[in-house]
Structure formats: C-alpha cells, structure tokens
Amino acid sequence: MVDELTRRGLLVGGAVLFITGCSRTARTSAGATAQPTFPPYAGSLRTPAVEGLWYRVAAGDTLASISRRSGVEVGEIARANGLTDAALKPGTPLWLPGATTIAATAGVEDPEDAAPPARARRPGTYELVERSGWTDNPVRKNNYRMNGVKRITIHHTGEHPGLEGIPEIEVLRRIERYHQNERKWAAIGYHYLVGKSGTVYEGRPAKYQGAHVSGANEHNLGISVVGDFMRKLPNPEQLAALDAFLTDTRERFSVPKSRVFGHRELGKSDCCGDALFRWIQTYRA
Ligand SMILES: [Zn+2]
C-alpha cells in the first residue's frame with residue numbers, strides 16, 4: 001500500500017534492513033546565499049511518559065559499569081538501545097530508561113563525556129530530541145540550502161513486521177543508515193520524525209533541503225510520522241504530538257495552514273496514507 005520509494009524491506013545477511021525514504025534532493029543549490037536564522041522553538045515541550053536519561057558512552061565504559069552507575073539493568077539498557085552485543089563505542093548516545101541520576105566515576109577524565117546530552121524536559125505538549133540525541137553521523141557535503149521554509153509536507157515511514165519491538169532511536173538509525181549508505185543522501189531524508197511514543201526527533205537540519213518530495217524539496221520542510229497510516233491514524237499520543245509540533249513549526253516559519261500538504265499532493269505517492277491524509281485535510285480546513 002506504500003509507494004516504492006516510501007519503504008521497502010530487505011533481508012540482508014539474515015537481518016532485517018529497514019528501508020524508507022520518499023525522494024531525492026532537488027538539484028538546486030543556492031551556493032553562498034546567506035541563510036536566514038531560524039527562531040528557536042518557543043516551548044510546547046512535554047515531559048515524556050517514560051522517565052529516563054541520555055548518557056554518552058565514554059572510553060572504558062561497559063554495559064555493566066553504566067548499569068551500576070545508573071541503577072538500570074543491563075538487559076534494559078541493551079533493549080532500549082537495540083544493542084546486540086556488549087561492545088560500546090565511545091560517543092554513542094544511550095537511552096537509560098527509568099534512570100534519574102548517573103553517578104560519576106573516578107575513571108572519567110573529561111566531565112563533558114559523563115554529562116548526559118541536553119534533552120528537552122520542559123512541561124508542554126511534546127518532547128523534542130535534537131539530532132545529536134540519537135546520531136553522531138555528520139550531514140554530508142552533498143546537501144543543498146533550504147533558502148527558507150514556505151511549506152510543510154507530511155509523510156509516513158511505513159511499517160515493517162521485522163521492526164516490531166525495536167527501540168525508536170534504533171529505527172531512526174536504520175532509516176538514516178539506508179538513506180546515507182544506500183541512497184547516498186546527505187543525511188536522513190526528513191527534517192523531523194514523530195515517533196510512536198509521541199517524541200519528536202530532529203532529522204536533517206532545517207537549513208538544508210530534505211530528500212522527501214522528488215523535485216520539490218526546496219523551501220519544503222518534511223515531517224514523517226513513524227508507522228503506516230493507510231487505514232488507521234497514529235495513536236493518540238503520536239497524533240497529539242504531531243498536531244502540537246505542526247502548529248509550533250508553522251509559527252516558527254510563518255507557514256499558513258493552507259501550505260501544509262500530504263506527500264501525495266506533491267508527488268506520485270500514496271504517502272502519508274489515506275487515514276493521515278484525511279486528518280491533514282481536516283487540520284487545514
Ligand atoms: Zn512520503
């Protein structure tokens with residue numbers, strides 16, 4: 001039910017590879033044109049339903065040592081981050097579900113390494129995780145300047161049976177891996193993704209064109225909602241987050257409701273699904 005470019009699933013080496021994406025970046029570059037500076041998000045951030053902390057892996061860390069310091073069981077940490085073995089790469093952000101503090105250790109030389117990355121926790125309606133909260137991969141040089149945001153396009157990522165139960169940030173990392181390594185895009189194609197938990201994740205920075213609507217990426221901010229919304233709407237928490245984030249984003253970039261589109265209106269695709277597209281029509285009305 002989802003178009004070819006929206007998602008595909010492949011079995012590679014016995015592991016399910018999640019494949020998603022809507023289009024390639026338009027080849028219009030503005031060269032050295034000065035970029036507008038975007039105002040920061042005004043607020044509307046909510047405390048997540050599930051408590052926890054982000055921790056950036058430092059050299060010498062093991063799951064066991066992080067477990068001792070945070071009080072979160074090894075299995076819980078592994079499950080929340082999609083870890084399949086105990087080898088931890090320094091610098092990797094780890095989500096520690098349920099953690100409220102992370103005890104310092106004498107072995108940490110640089111306090112920056114031990115400090116959890118910034119995570120928005122102000123009360124409001126949605127939680128925003130910055131790009132640095134889930135990936136360390138830089139945006140590659142084959143990017144194009146956005147030159148201002150004039151419209152917003154909504155997508156869905158589609159669904160793959162093999163992804164059930166995989167932690168959300170691991171799903172994002174797989175999408176990113178596919179977009180960067182297979183499609184050879186500069187970064188994940190979408191500017192923002194709304195997870196099933198209601199958490200909003202920054203994808204590709206908004207100063208760059210995304211890769212989400214073929215031939216129409218300039219001035220076009222792409223928001224993708226995680227899941228398949230052909231027959232059903234996102235869950236209530238996810239939909240509320242989309243609603244609040246969309247409104248906040250429209251205010252941030254001065255985009256009227258009439259300039260919010262479903263992918264299918266701009267390109268040959270059934271994205272973002274019948275159910276979610278009906279919701280967009282209602283939102284616009
Ligand atoms: Zn799409």
Side-chain angles (χ1 to χ4, degrees), residues 1-10 17-28 131 143-144 146 149-160 163 168 171-196 200-206 208-235 238-239 241-243 245-246 249-250 253 255 257-284:
M1 298 299 285
V2 185
D3 66 313
E4 157 83 1
L5 288 175
T6 300
R7 82 170 156 83
R8 279 178 290 162
L10 280 185
L17 176 66
F18 187 69
I19 289 181
T20 181
C22 288
S23 103
R24 64 179 61 95
T25 304
R27 299 206 172 268
T28 52
R131 181 180 156 77
N143 62 67
Y144 300 90
M146 180 72 108
V149 174
K150 293 176 182 168
R151 60 182 169 183
I152 297 167
T153 302
I154 309 295
H155 303 265
H156 66 168
T157 62
E159 203 79 75
H160 194 290
L163 287 181
E168 207 152 75
V171 172
L172 262 61
R173 288 171 185 163
R174 289 184 189 205
I175 296 173
E176 178 191 59
R177 215 175 296 151
Y178 173 66
H179 286 180
Q180 285 196 315
N181 298 346
E182 306 297 321
R183 309 303 301 267
K184 308 295 183 193
W185 293 343
I188 193 167
Y190 311 112
H191 295 103
Y192 291 95
L193 295 100
V194 182
K196 293 182 180 183
V200 180
Y201 300 88
E202 183 189 25
R204 186 180 300 212
Y208 303 120
Q209 291 181 36
H212 58 102
V213 181
S214 188
N217 284 305
E218 195 175 15
H219 313 304
N220 190 357
L221 193 89
I223 300 174
S224 194
V225 188
V226 177
D228 185 331
F229 306 112
M230 189 54 75
R231 293 193 182 84
K232 61 174 172 54
L233 279 172
N235 72 60
Q238 190 178 19
L239 196 59
L242 172 64
D243 191 1
F245 182 69
L246 196 49
T249 302
R250 285 199 305 101
F253 295 106
V255 175
K257 276 188 171 180
S258 61
R259 301 284 293 164
V260 176
F261 301 98
H263 180 185
R264 61 177 60 190
E265 294 176 283
L266 305 177
K268 253 193 153 186
S269 174
D270 59 11
C271 181
C272 53
D274 291 347
L276 185 53
F277 181 61
R278 276 194 295 274
W279 181 87
I280 292 168
Q281 289 175 307
T282 307
Y283 177 90
R284 247 178 352 211

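Just so we're clear, the structure is a prediction, and the values are computed from it rather than from any experiment. Residues: numbered from 1 along the sequence shown. In listed order, ligands and their atoms are each counted from 1.
- Seen from the ring of Phe253, Lys150 does not count as a face-on cation partner, given the 6.0 Å and 45° thresholds.
- Counting heavy atoms from C-beta on, the side chains of Cys271 and Arg264 never come closer than 4.5 Å.
- His155 contributes atom ND1 as its closest N/O/S atom to the Zn ion (ligand 1).
- Backbone or side-chain N, O or S atoms of His156 do not reach the Zn ion (ligand 1) at under 2.8 Å.
- The Zn ion (ligand 1) lies under 2.8 Å from an N, O or S atom belonging to Cys271.
- Relative orientation of the His155 and His212 rings is perpendicular, given thresholds of 30° and 60° on the angle between their planes.
- The residues Lys196 and Glu159 are annotated as salt-bridged, a charged nitrogen and a carboxylate oxygen being separated by less than 4.0 angstrom.
- Here the N, O or S atom of His263 that is nearest to the Zn ion (ligand 1) is ND1.
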